[in-house]
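Reading through the structure tokens given below for one structure.
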Amino acid sequence: MTKVELRKVFIAKRNQLSQADYDRLNHDLLEQFKQFNLAGVNCIHLFLPIHTRKEPDTFLMLNWLLAMHPHIQRIIPKANFADSTMQHYIYDEQLQMGINAFGIPEPIDGNTIDPQEIDMVLVPLLAFDRQGYRVGYGKGFYDRFMAQCKQDTRFVGLSFFEPVDVISDVNPFDQKIQECILPDRICKLPG
Ligand SMILES: Nc1nc2c(c(=O)[nH]1)N(C=O)[C@@H](CNc1ccc(C(=O)N[C@@H](CCC(=O)O)C(=O)O)cc1)CN2
Ligand SMILES: Nc1ncnc2c1ncn2[C@@H]1O[C@H](COP(=O)(O)OP(=O)(O)OP(=O)(O)O)[C@@H](O)[C@H]1O
């Protein structure tokens, strides 16, 4: 299926989730995340969820990391919709948070870092395929950002749903995830 078709199908699948389904799936994703090997990860980048779009609740991972791995630096993005780029802020006491026009919790002001410092990125997606290609909301924010990271940065998707076989219209800008956290397992991708 094409990205346009997949967006429709997977937005509908999310919208059909009841609050109870959504809560359970978030709980299950957190349990899988806890199993994840974080050896060598000193700096982790997390998107923050658009709750109205029933995105995976990454606040659960953020809080768990603070409690269990306080030495790991946590980074969150601020999106600039004028040019589809993002800036990356350290989630510390100095960070001032707000909610932008798209419902994304994001920094207003704080300390920024360079993408080259990031060891692992939790990547938002609507759908992904068995090769590791992903479909987002279609502005290329993550394709641009992932291209700026180190060669060995780990890109990890979070999905409530299984991969599709193939995304038929991938383009040269598309960046792949190497793993995807699902509610019942961690799905390894060819990378
Ligand atoms: N939580 C979260 N943060 C994220 C992403 C994400 O997928 N999830 N993004 C991942 O890349 C970027 C934001 N991408 C977005 C792209 C489009 C729309 C959006 O609402 N688009 C409108 C159409 C607007 C237009 O075309 O001008 C829509 O879909 O109705 C929202 C976020 C950066 N931050
Ligand atoms: N590094 C880049 N430089 C210029 N344009 C880019 C770059 N990366 C992606 N794009 C453009 O951004 C758009 C991304 O569209 P695509 O449908 O692949 O988005 P997506 O992966 O679903 O979105 P997102 O990454 O925002 O979740 C395409 O038009 C693509 O050409």
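Each ligand, and each atom within it, is numbered from 1 in the order the structure gives. Positions are given from 1 along the sequence.
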Notebook entry, point to check: If you measure every N/O of Val135 against every N/O of ligand 2, is any gap under 3.5 Å?
Noted result: no
With heavy atoms and a 4.0 Å threshold, my read on which part of Arg53 contacts ligand 1 is side chain
Going by the 4.0 angstrom heavy-atom rule, the piece of Leu125 near ligand 1 is neither
Within 4.0 Å of some non-hydrogen atom of Ile50, the atoms of ligand 1 are 1 (N)
Lys/Arg N to Asp/Glu carboxylate O, Glu5 vs Lys8, below 4.0 Å: no
Checking heavy-atom distances from atom 6 (C) of ligand 1 to each of Pro124, Pro105, Pro56, the winner is Pro124
- request: Please indicate, with yes or no, if any protein heavy atom is found under 4.0 Å from atom 23 (C) of ligand 1?
  value: no
At under 4.0 Å between heavy atoms, what of Leu125 touches ligand 2? The answer is neither
Open item on the list: Once you measure the plane-to-plane angle for His51 and Phe59, does it fall in the parallel (<30°), tilted (30-60°) or perpendicular (>60°) bin?
Closed with: parallel
- Message: Please report whether ligand 1 has a polar contact with Arg134, defined as an N or O pair separated by less than 3.5 Å (distance criterion only).
- Response: no
Problem - Arg185 bridged to Glu179 by N-O distance under 4.0 Å - result: no
- Under 3.5 Å between some N or O of ligand 2 and some N or O of Gly138? yes
Donor-acceptor under 3.5 Å (Gln178 side chain, Phe155 main chain): yes
query: Quick check: does Tyr137 get an N/O under 3.5 Å from an N/O on ligand 1?
result: no
For Ile75 and His88, the nearest pair of non-hydrogen atoms, with its separation, is CG2-CB, 3.6 Å
N/O of Phe47 under 3.5 Å from N/O of ligand 1, yes or no?
no
